[in-house]
Amino acid sequence: RIAHRLGLKEEKLWQQLREMRAAKGRGERQAARPPEESERPVEIRSAPAARHEVELLQVVLAEPGLLPQALEQIPLAEVEHPGLRQLLERLAELQQEGKPADLDHLRSRLDNEPLMRKALELQDTGLTLANRQDVLAGIVERIRHKRAQRHAQTIKTQVMAAQDHDQAIELLKRLQPNAEGKMKNAE
């Protein structure tokens, strides 16, 4: 029937069908073999993100209204994970343009499908958080603590590298207010 409808000879149609089946069989055998090193797609992965950075994205993706508060207290440069920083930068751009900083609008700004899937996963997890405002406050506190630790470490390194005693004393004085503040918080 098909040969008649197409105006072809039945023999010609059977021959083309056999050729297509043979080509398909060769294609499946080729697909079954593992790709060579040069054929494999390159997937760039970075180190795992810090917990507070992951939680930050979970909160702002689940509740975009918290983004301005988060950006006010946490500079983008302090987000160390490149993928999470990219997500946060795109959300900040959307907010600056007066557009909703949500996944729907983020999708048009992101040409990285794995990162977009991760953003969706982060949002899903963020939606399960009970009080996202309190979670954000905890994240901000952890980031401030980490910032203070980095600053103290920088000063300690400078003290160790100081050439003279007076320079080392001056550096230690800069470090001392941090230590006194920690002691007051501990009491």
Side-chain angles (χ1 to χ4, degrees), residues 43-162 168-187:
E43 184 176 335
I44 299 172
R45 296 190 54 105
S46 58
R51 192 174 116 229
H52 62 273
E53 292 180 5
V54 172
E55 289 176 356
L56 173 63
L57 267 297
Q58 289 172 347
V59 168
V60 298
L61 287 168
E63 195 168 327
L66 293 176
L67 181 65
Q69 180 183 347
L71 292 174
E72 180 181 307
Q73 298 183 42
I74 304 166
L76 290 172
E78 286 195 33
V79 178
E80 295 174 356
H81 189 274
L84 298 183
R85 184 176 50 246
Q86 184 181 3
L87 287 174
L88 204 54
E89 287 169 348
R90 298 300 172 271
L91 290 169
E93 289 171 5
L94 286 167
Q95 180 199 356
Q96 288 173 348
E97 294 172 8
K99 296 178 181 175
D102 56 19
L103 278 181
D104 292 333
H105 290 87
L106 180 64
R107 193 176 314 272
S108 66
R109 302 280 173 116
L110 212 55
D111 60 351
N112 184 334
E113 189 58 35
L115 191 55
M116 192 64 206
R117 283 193 303 270
K118 184 65 176 178
L120 184 59
E121 177 187 318
L122 291 168
Q123 182 188 42
D124 288 344
T125 304
L127 290 170
T128 64
L129 299 173
N131 192 344
R132 290 181 280 276
Q133 180 71 39
D134 290 343
V135 173
L136 179 60
I139 294 167
V140 168
E141 186 57 38
R142 281 184 281 174
I143 289 175
R144 284 183 182 153
H145 179 72
K146 186 174 180 180
R147 187 183 307 148
Q149 283 180 323
R150 271 196 310 264
H151 179 69
Q153 185 60 44
T154 301
I155 293 174
K156 288 176 185 177
T157 303
Q158 291 172 352
V159 167
M160 297 301 284
I169 296 296
E170 286 301 314
L171 288 168
L172 286 172
K173 285 180 182 176
R174 285 178 43 197
L175 186 59
Q176 197 165 6
N178 290 338
E180 288 176 4
K182 288 179 185 177
M183 290 176 62
K184 288 179 185 177
N185 288 340
E187 294 173 356

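One-based numbering along the sequence shown. Computed from a prediction, not measured in an experiment: that's the story for all the values here.
- In this structure, Ile139 and Val59 approach most closely via the heavy-atom pair CD1-CG2, 4.2 Å.
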Can you check side chain to side chain contact (heavy atoms under 4.5 Å, CB included) on Gln86 and Leu110, steps first, answer last?
CA-CA 9 Å; Gln86 184 181 3; Leu110 212 55; 3.7 Å; yes

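- Atom CG of Leu136 is separated from atom CD of Glu63 by 9.0 Å, given to the nearest 0.5 angstrom.
- The closest side-chain heavy-atom distance from Arg150 to Gln153 is not below 4.5 Å.
- Minimum interatomic distance between Ala119 and Leu103 (heavy atoms only, all atoms of both residues): CB-CD2, 3.7 Å.
- The local environment of CG in Asn131 is crowded, with over 12 non-hydrogen atoms from other residues, nucleotides or ligands closer than 6.0 Å.
- The CZ atom of Arg117 sits 8.5 Å away from the CG atom of Asn112 when rounded to the nearest 0.5 Å.
- Minimum interatomic distance between Ala62 and Gly126 (heavy atoms only, all atoms of both residues): CB-C, 3.4 Å.
- A heavy-atom distance below 4.5 Å is not found between the side chains of Thr125 and Val54.
- If you take CG on Leu91 and NE2 on His105, they are separated by 11.5 Å, rounding to the nearest 0.5 Å.
- Pairing each heavy atom of Gly65 with each of Pro68, the nearest pair is O-CD, 3.4 Å.
- Under the 3.5 Å distance criterion, the side-chain polar atoms of Gln95 are left unmatched by any main-chain donor or acceptor of Ala101.
- We find the CD-CG distance between Glu89 and Leu71 to be 10.5 Å, quoted to the nearest 0.5 Å.
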With side chain to side chain contact (heavy atoms under 4.5 Å, CB included) as the criterion, how do Leu120 and Gln123 come out once you've worked through the C-alpha distance, each side chain's angles and the decisive distance to 0.1 Å?
CA-CA 5 Å; Leu120 184 59; Gln123 182 188 42; 3.9 Å; yes

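- To the nearest 0.5 Å, the span separating CD on Gln58 from CG on Leu127 amounts to 10.0 Å.
- Residues Leu87 and Val60 form no side-chain contact, since every pair of their non-hydrogen atoms from C-beta on lies 4.5 Å or further apart.
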Could you go step by step and tell me if His145 and Glu141 meet the side-chain hydrogen bond (donor to acceptor under 3.5 Å, both in side chains) rule?
CA-CA 6 Å; His145 179 72; Glu141 186 57 38; 6.0 Å; no

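- Checking each of Glu80, Glu78, Glu53 against Lys146 for a salt bridge (Lys or Arg N to Asp or Glu O under 4.0 Å) leaves exactly one that passes, namely Glu80.
- Rounding to the nearest 0.5 Å gives a distance of 4.5 Å between CG of Leu56 and CD1 of Ile74.
- Using a 4.0 Å cut-off between charged nitrogen and carboxylate oxygen, Glu55 and Arg132 do not count as a salt-bridge pair.
- No donor-acceptor pair closer than 3.5 Å links the side chain of Arg90 to the backbone N or O of Leu106.
- Between Arg147 and Arg144, the closest side-chain pair of non-hydrogen atoms falls below 4.5 Å.
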